[in-house]
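Take a look at the structure below.
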Number of protein chains: 2
Amino acid sequence: MRSTSRTETFPAHTPAASQVFTTLLSHGPLTRLAAARRAGLSPAAVTKAVRPLIEAGYLVEDADDEPRAALGRPANPVRVDGSRALFVGVKVTGDEIIGVLTDLCCRIRLARRVPLTDRATRAVLASVADLVHDLRAGADDIGVPVLGLGVAVSGDVDRAEGVVRYSPFLEWRDVPLAELAAMTTGLPVTVDNDVRALTIAEQWFGAGVGLSDFAVVTVGAGIGCGLVVHGRVVAGAHGVAGEIGHVAVDPAGPPCHCGNRGCVEAIAGDAAIVARMREVTGRKVADSAAAVALAHQGLPGAREVYARAGEAIGRGIATVANLFGPERVIISGEGLAAYDLFAEQIRDAFAAAAFGSAARCDVQTRPLPFEEWARGAAAAAIQSFITSTPADGSGKG
Amino acid sequence: MRSTSRTETFPAHTPAASQVFTTLLSHGPLTRLAAARRAGLSPAAVTKAVRPLIEAGYLVEDADDEPRAALGRPANPVRVDGSRALFVGVKVTGDEIIGVLTDLCCRIRLARRVPLTDRATRAVLASVADLVHDLRAGADDIGVPVLGLGVAVSGDVDRAEGVVRYSPFLEWRDVPLAELAAMTTGLPVTVDNDVRALTIAEQWFGAGVGLSDFAVVTVGAGIGCGLVVHGRVVAGAHGVAGEIGHVAVDPAGPPCHCGNRGCVEAIAGDAAIVARMREVTGRKVADSAAAVALAHQGLPGAREVYARAGEAIGRGIATVANLFGPERVIISGEGLAAYDLFAEQIRDAFAAAAFGSAARCDVQTRPLPFEEWARGAAAAAIQSFITSTPADGSGKG
DNA sequence: TTTCTTTCATTGACAGCGGAAAATAATGGC
DNA sequence: GCCATTATTTTCCGCTGTCAATGAAAGAAA
């Protein structure tokens with residue numbers, strides 16, 4: 001079922017070419033001169049790197065829009081042609097699959113969600129294949145190829161091998177997801193941890209652009225953290241890193257499913273908040289939306305639940321800042337729906353617990369839609385594509 | 001006072017040469033072939049890289065010791081000639097200056113300590129200059145040049161600029177220490193944070209050899225942490241990282257001078273242990289040695305003080321492991337004198353608080369002598385030396 | 001209109017790095 | 001002495017990115 005002819009590979013084989021391309025991806029249209037300065041190369045190198053990429057259609061010279069103010073030969077900005085290629089990103093959660101179709105600039109063209117009823121590998125693969133098929137069909141961009149599929153899964157994922165080592169939510173162990181999904185979809189597949197994928201998207205297209213050290217903290221069902229150090233996403237020696245959710249901020253706190261007490265997640269995770277809200281208010285609380293509603297109603301004690309969650313998150317972030325000294329921390333995730341309820345506590349707890357210069361770290365919030373997770377998966381796929389070597393991508397064999 | 005003629009520079013101008021040299025530094029004598037494999041280069045590249053380094057005397061071919069067992073042309077191992085150059089490393093604490101003279105392999109040749117009575121910049125500089133002079137005079141290696149001085153200071157240090165931004169123990173702010181010390185000693189000076197310097201030494205010569213992700217945790221007056229991620233020491237966006245000492249492990253714990261409660265340092269730092277020991281036993285406790293003695297005597301409650309400290313350290317290490325996923329954590333520092341008193345608690349608390357794969361992290365202890373800190377400073381100086389470019393080291397000008 | 005100035009982009013020569021493969025070296029076994 | 005075997009060196013060679021010079025496209029000045 002190899003409908004997509006042979007696999008297309010990216011014609012950037014030198015470090016300079018890759019660097020120029022990623023610079024243009026992140027920093028929008030740029031003249032060759034400006035790109036050279038940003039990438040630390042000579043203008044000549046940029047000219048040479050850009051040519052084959054323009055010929056292959058990945059870059060285009062911008063039509064000269066604005067009347068230039070400056071003297072001299074008008075600049076000729078170059079940008080990535082988003083419409084040159086499409087990618088599919090899929091995020092698999094325990095009860096839902098979210099998929100997006102993005103262009104090469106990782107702009108979302110289409111988004112779809114389907115519920116997940118069966119977590120067996122086979123069933124998930126079938127759902128993913130359907131979703132991918134839908135998204136590809138839904139794109140009316142005739143002639144624009146879909147060049148890759150990214151799949152984001154929470155848990156312990158070995159991206160290089162394309163294997164999900166362990167995913168608690170899906171109850172998977174050692175599933176060679178990349179290989180399986182490649183067979184069912186016919187696309188090159190990249191599998192990565194969900195938070196890491198989101199971090200890649202932030203690094204290239206979001207609030208992490210241009211930073212070599214930053215962290216992404218996600219607040220929702222779990223509390224996750226993606227780290228970028230020395231300009232690279234941290235994967236950890238054993239494939240796991242950023243487990244901020246199980247940083248203990250209060251040894252006297254509630255027990256966590258990990259066996260400890262007072263983990264950030266056991267205080268500020270969705271389930272913890274809902275449970276605590278039930279306890280405090282004595283009412284039925286169906287889900288976190290209900291919990292937010294109760295707090296907004298001003299029910300006695302309800303706001304305190306969020307205050308406590310905010311404090312836990314703020315302490316967790318301070319811990320990250322103390323250890324890494326990131327330039328910025330980006331807070332995101334579905335849990336941000338309640339942001340107004342704990343923003344103050346996050347900031348206060350962070351300021352109190354951040355030591356010395358760590359407090360100079362810029363803490364931002366980005367209320368990213370849930371599709372952003374899937375977009376992260378697409379970003380991982382884009383990354384795989386543009387770093388693919390002709391050797392490893394060869395369809396012949 | 002430029003007695004040391006013109007500054008010597010290191011003749012490794014290509015990435016391959018640097019890589020070969022550091023490989024040989026860390027991995028002892030190696031045949032060219034073995035070095036090539038380890039450094040990921042071709043044998044030809046190693047031959048080419050090695051030649052100028054042998055000519056300049058930094059590398060030597062080992063005399064063939066052991067009778068080779070194998071067939072074929074005998075291997076010709078190459079190693080760094082430690083006696084080619086000397087370096088001085090100095091660690092400045094609040095009340096003492098520790099200095100060592102090391103060779104190019106960072107082996108300690110001489111060590112000296114002098115008390116520090118006056119923390120004013122001028123006085124410290126004078127003491128450092130005296131100490132350096134002593135060490136240079138004490139070396140009977142006539143003709144072996146001293147090629148650099150490393151100074152390690154706790155606190156916020158900008159190594160690139162050679163400036164101590166803020167050192168609480170010395171009460172310094174924005175002291176251009178590298179420049180000042182270079183003037184008084186006539187040597188090229190590298191200034192770095194003390195824990196980072198120690199981490200460099202471990203990375204090249206200690207338990208971090210060959211690892212791309214590990215952490216060094218020091219236990220003593222303060223609790224510090226040096227991190228290596230992606231093979232590089234983490235400095236943090238604002239020059240501060242690894243502040244494990246102020247990770248809060250117990251919000252109900254004792255107040256810390258940083259303004260929080262239950263910081264690792266407020267429970268397991270020397271001062272905290274001594275204070276708590278006084279409180280618990282009701283006796284006079286002069287210093288941490290006395291506290292250790294009391295615990296060894298089995299005084300009621302004394303061991304619990306250490307147990308609590310061990311638990312705090314173990315939790316702190318687990319936090320580091322959860323966030324980074326290092327391959328190994330190396331515990332060191334003067335506080336290890338009491339290691340038998342809290343080893344068990346460290347391991348237990350780590351195992352309990354490390355989440356998932358983070359628990360696979362190897363936790364080692366290295367009872368490093370106090371001179372090891374100064375040796376770290378020397379390692380930083382060696383690093384500066386071998387990465388020095390002819391452009392920046394030019395004496396002409 | 002022509003020429004100059006300014007700035008961006010391109011070109012071609014070039015130095016140098018590191019790799020591949022062949023040649024050379026050094027040893028033990030026969 | 002010759003061969004097999006392994007280590008090292010040599011000899012190209014491709015390739016990358018820089019340098020310095022040149023070209024191109026405007027507005028400004030004459």
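Just so it is clear: chains get the letters A, B, ... in the order the sequence lines come, proteins before strands, and each one is counted from 1. Note that the structure is a prediction, hence the values are computed from the model and not measured.
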Both conditions, 6.0 Å and 45 degrees, for the charged tip of A/R328 above the ring of A/F214: are they met here? no

Quick one: does any side-chain atom of B/R84 pair with a main-chain N or O of B/A56 as donor and acceptor, under 3.5 Å? yes

Using the rule side-chain hydrogen bond (donor to acceptor under 3.5 Å, both in side chains), only one of A/T199, A/N193, A/D192 pairs with A/R196; which is it? A/D192

Can you name the closest pair of heavy atoms from B/V146 and B/F87 and give their distance? CG1-CA, 4.4 Å

Just the rounded figure in Å: distance from P of D/dA7 to CG of B/L41. 17 Å

Can you give one letter per nucleotide of nucleotides 5-12 of chain C, going 5' to 3': B for a protein heavy atom under 4.0 Å from the base, S for sugar-phosphate only, - for none? -BBBSBBB

What do the steps show when you test A/L59 against A/V80 for side chain to side chain contact (heavy atoms under 4.5 Å, CB included), and what is the final call? CA-CA 4 Å; A/L59 297 179; A/V80 175; 3.8 Å; yes

For the pair A/F10 and A/F21, name the ring-plane relationship: parallel under 30°, tilted 30 to 60°, perpendicular over 60°. perpendicular

Test your reading of the model: is there a side-chain donor-acceptor pair from B/D213 to the backbone of B/H230, 3.5 Å cut-off? yes

Taking OP1 and OP2 of C/dG18, is either one under 4.0 Å from a side-chain nitrogen or oxygen of B/T14? yes

Without decimals, in angstroms, what is the distance between B/L30 CG and D/dA7 P? 12 Å

Separation of atom CD1 in B/I54 from atom P in D/dT8, rounded to whole Å: 11 Å

Angle between the two end axes of the helix from C/dT1-D/dA30 to C/dC30-D/dG1, five base pairs per end, rounded to 10 degrees? 30°

Check whether more than 12 heavy atoms from other residues, nucleotides or ligands sit under 6.0 Å from atom CD of B/Q364, and answer yes or no. yes

